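Numbering of ligands and ligand atoms starts at 1, following listing order. All values reported here derive from a predicted model rather than from experimental measurement.
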Amino acid sequence: MARSAVLNVMVQAAMKAGRSLARDFGEVQNLQVSLKGPGDYVSQADRKAEQIIFTELKKARPDYSFLMEESGAVEGSDAQHRWIIDPLDGTTNFLHGIPMFAVSIALERQGQIVAGVIYNPAMDELYTAERGGGVFLNDRRLRVAARSKMVDAVIGTGIPHIGRGHHGHYLVELRNIMADSAGIRRMGAAALDLAYVAAGRLDGFWEDDLQPWDMAAGILMIREAGGFVSDKNGGQDMFATKGIVAGNEAIHKALMATLKKPI
Ligand code: IPD
Ligand code: CA
Ligand code: CA
Ligand code: CA
């Protein structure tokens, strides 16, 4: 597996931020935590990791633009290239001592996602992808799962918390997926959920209300693993609509159909 220079830069940044997160995870009770809204936490660990990634990427590619969860957008002189960064996906897990969290970094070139890295430091799992070059977990090339029937499929999702809307509408979707599938998982880190679809661990995934930094790297990984990704209307406007549906071709199709059913 030969990584391009830019992918190496992304891997170095993600691993450095991951080491910082791993240290903070060991002392989670001492971290300063604040609320951005009901149920929506941010800690020193998120901010520190974001600063590390920003510094590393800025040093390597001074002109590129940024979109980051905690600091927002930073325009560079090169508007054709944009980093999309979630410094800590799974903050709630992290703050509860649950080791399901990750750094996610994607690179967009002229609006297309061309490279992605997702790193879970607690499990030392590094997912990397480049457009046209495949997706890897550490050194192993990944393919989406082959299971083609919903009755055999394990489907990941995210469930809205206090302060998020859509609770009633989500119940309908959950009820229908429950009735059709082999099981539902809610692991608490959307970037990892998408990486797990690329790895064939989850057969499919859907969620509403995600942000570009939750999805960008994972979208590329699923495509590079031979999977299908769309918004909830079947289009490619995941960032604008904030909804996503993913799986292999058959499971993606079946999920779309199940999600449209009335209760
Ligand atoms: C959250 C996680 C979670 C998803 C939420 C996201 P954060 O990201 O990905 O699984 O359900 O919608 O906001 O805030 O922990 O980076
Ligand atoms: Ca957050
Ligand atoms: Ca996130
Ligand atoms: Ca985050």
Output, or 'none' if empty, a list of ligand 1-protein atom pairs in which both atoms are N or O and the distance is under 3.5 Å, rounded to 0.1 Å.
unit_1   : atom_1 : unit_2 : atom_2 : d
ligand 1 : 8 (O)  : Asp89  : OD1    : 3.0
ligand 1 : 9 (O)  : Asp89  : OD1    : 2.6
ligand 1 : 9 (O)  : Ala190 : N      : 2.9
ligand 1 : 10 (O) : Arg186 : NH1    : 3.0
ligand 1 : 10 (O) : Gly188 : O      : 3.3
ligand 1 : 10 (O) : Ala189 : N      : 3.2
ligand 1 : 10 (O) : Ala190 : N      : 3.3
ligand 1 : 11 (O) : Arg186 : NH1    : 3.3
ligand 1 : 11 (O) : Arg186 : NH2    : 3.0
ligand 1 : 11 (O) : Glu207 : OE2    : 2.5
ligand 1 : 12 (O) : Arg164 : NH1    : 3.0
ligand 1 : 12 (O) : Glu207 : OE2    : 3.3
ligand 1 : 13 (O) : Arg164 : NH2    : 3.4
ligand 1 : 15 (O) : Gly90  : N      : 2.8
ligand 1 : 15 (O) : Thr91  : N      : 2.9
ligand 1 : 16 (O) : Glu69  : OE1    : 3.3
ligand 1 : 16 (O) : Asp86  : OD2    : 3.2
ligand 1 : 16 (O) : Leu88  : O      : 3.1
ligand 1 : 16 (O) : Asp89  : OD1    : 3.4

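Ring geometry, Phe94 versus Phe25: the interplanar angle falls from 30° to 60°, so the pair is classed tilted.
Closer than 3.0 Å to the Ca ion (ligand 3) sit the protein N, O or S atoms Asp86 OD2, Asp89 OD1, Asp214 OD1.
A salt bridge is absent between Arg164 and Asp209; no separation between the charged side-chain nitrogens and carboxylate oxygens falls under 4.0 Å. Using a 4.0 Å cut-off between charged nitrogen and carboxylate oxygen, Glu50 and Arg47 do not count as a salt-bridge pair.
For Asp63 (side chain) and Gly76 (main-chain N/O), no donor-acceptor pair under 3.5 Å exists by modelled atom type. Side-chain atoms of Asp89 come within 3.5 Å of backbone N or O of Ala190 as a donor-acceptor pair.
Residue pairs meeting the ring pair (Phe, Tyr, Trp, His ring centres under 6.0 Å) criterion with at least one partner in residues 27-59, sequence neighbours excluded, are Phe54-Phe66.
To the nearest 0.5 angstrom, Leu142 atom CG is 11.5 Å from Tyr196 atom OH.
Ring centers of Tyr119 and Tyr127: at least 6.0 Å apart, outside the cut-off.
With a 4.5 Å cut-off between side-chain heavy atoms of Ile, Leu, Val, Met, Phe, Trp and Tyr, the cluster of Leu255 takes in Met150, Ile155, Ile159, Tyr170, Leu174, Ile177, Met178, Ile184, Trp206, Val245, Ile251, Met256, Leu259.
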